[in-house]
Amino acid sequence: MPEPHGLDGEKTGRYLRPYAITGGRTRHSQHAFTLITLVVARSVRDTPSGLEPEADRILELCRDRAMAVAEIAALLDLPVSVVKVLCGDLLDASLILVQSPPGQDSRPSVELIERVMDGIRQL
């Protein structure tokens, strides 16, 4: 027989906690992050109070090096959607810098790559 999912039960808590962390949001209203978006904490002397403990932990993790959203989620044992919402909030507060992977538009064309390769072969 399955375990009950009471208010104090671990199974229920696992689902309620992320909801509480993000205030019920499943995505950020202004920012979209991918799994490989890199996050690094800005050099801020005083971290503002009132941050969720998880947001504070993101800043700690990303203080010394850039980390991918997926890596942050794994280390914090949080759903990726929660980490994306928290990172959006941190970005709004100018506490992090992000580098998203290049989009299709910013990738070089196949023709350009072929011309570069032809030029290298002629050297």
Side-chain angles (χ1 to χ4, degrees):
M1 182 167 205
E3 290 183 39
H5 296 358
L7 291 176
D8 295 316
E10 182 179 338
K11 288 185 179 181
T12 303
R14 178 129 174 99
Y15 299 107
L16 286 178
R17 180 70 180 137
Y19 180 85
I21 292 169
T22 63
R25 296 174 294 161
T26 57
R27 63 180 54 123
H28 200 273
S29 61
Q30 296 176 349
H31 307 290
F33 297 91
T34 67
L35 292 175
I36 59 174
T37 298
L38 295 176
V39 177
V40 66
R42 294 179 60 107
S43 299
V44 177
R45 290 191 175 137
D46 297 320
T47 303
S49 60
L51 288 179
E52 289 287 341
E54 293 81 4
D56 195 40
R57 185 76 177 111
I58 290 172
L59 292 175
E60 288 175 28
L61 287 173
C62 300
R63 197 161 313 280
D64 296 325
R65 69 180 184 97
M67 296 184 82
V69 168
E71 187 177 8
I72 295 167
L75 289 170
L76 295 181
D77 193 29
L78 287 173
V80 172
S81 59
V82 171
V83 172
K84 288 178 178 182
V85 170
L86 292 174
C87 285
D89 294 345
L90 291 170
L91 186 58
D92 283 347
S94 299
L95 295 173
I96 61 170
L97 299 170
V98 297
Q99 181 178 356
S100 296
Q104 290 287 64
D105 327 354
S106 62
R107 293 183 184 168
S109 69
V110 174
E111 295 169 2
L112 176 61
I113 293 171
E114 288 174 349
R115 285 188 288 170
V116 170
M117 288 174 51
D118 290 342
I120 291 172
R121 285 185 192 121
Q122 291 177 3
L123 293 176

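We use all heavy atoms of the structure for the numbers below, so side chains are in, but hydrogens, waters and symmetry mates are not.
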- Item | Full working for side chain to side chain contact (heavy atoms under 4.5 Å, CB included) between Thr34 and Thr37 | CA-CA 5 Å; Thr34 67; Thr37 298; 3.0 Å; yes
Hey, could you give me the [atom1]/[atom2] distance between [X] and [Y], rounded to the nearest 0.5 Å?
{"X": "Leu35", "Y": "Lys84", "atom1": "CG", "atom2": "NZ", "answer": "5.5 Å"}
{"X": "Arg115", "Y": "Ile120", "atom1": "CZ", "atom2": "CD1", "answer": "13.0 Å"}
{"X": "Cys62", "Y": "Leu95", "atom1": "SG", "atom2": "CG", "answer": "11.5 Å"}
{"X": "Ile72", "Y": "Leu86", "atom1": "CD1", "atom2": "CG", "answer": "10.0 Å"}
{"X": "Leu90", "Y": "Leu59", "atom1": "CG", "atom2": "CG", "answer": "5.0 Å"}
{"X": "Leu61", "Y": "Asp56", "atom1": "CG", "atom2": "CG", "answer": "10.0 Å"}

- Message: In the structure I gave you, are the side-chain heavy atoms of Asp89 and Glu52 within less than 4.5 Å of one another anywhere?
- Response: no
- Message: So Val39 and Val69, do their side chains get closer than 4.5 Å, heavy atoms only?
- Response: yes
- Message: Any carboxylate oxygen within less than 4.0 angstrom of a Lys/Arg side-chain nitrogen, looking at Glu60 and Arg57?
- Response: yes
- List in chain and number order the residues that pass side chain to side chain donor-acceptor pair (under 3.5 Å) with Glu111, two or more places apart in sequence or in another chain; answer none if no residue qualifies. none
- Task: Could you pull out all residues at least two apart from Asp118 that satisfy side chain to side chain donor-acceptor pair (under 3.5 Å)?
- Result: Arg121
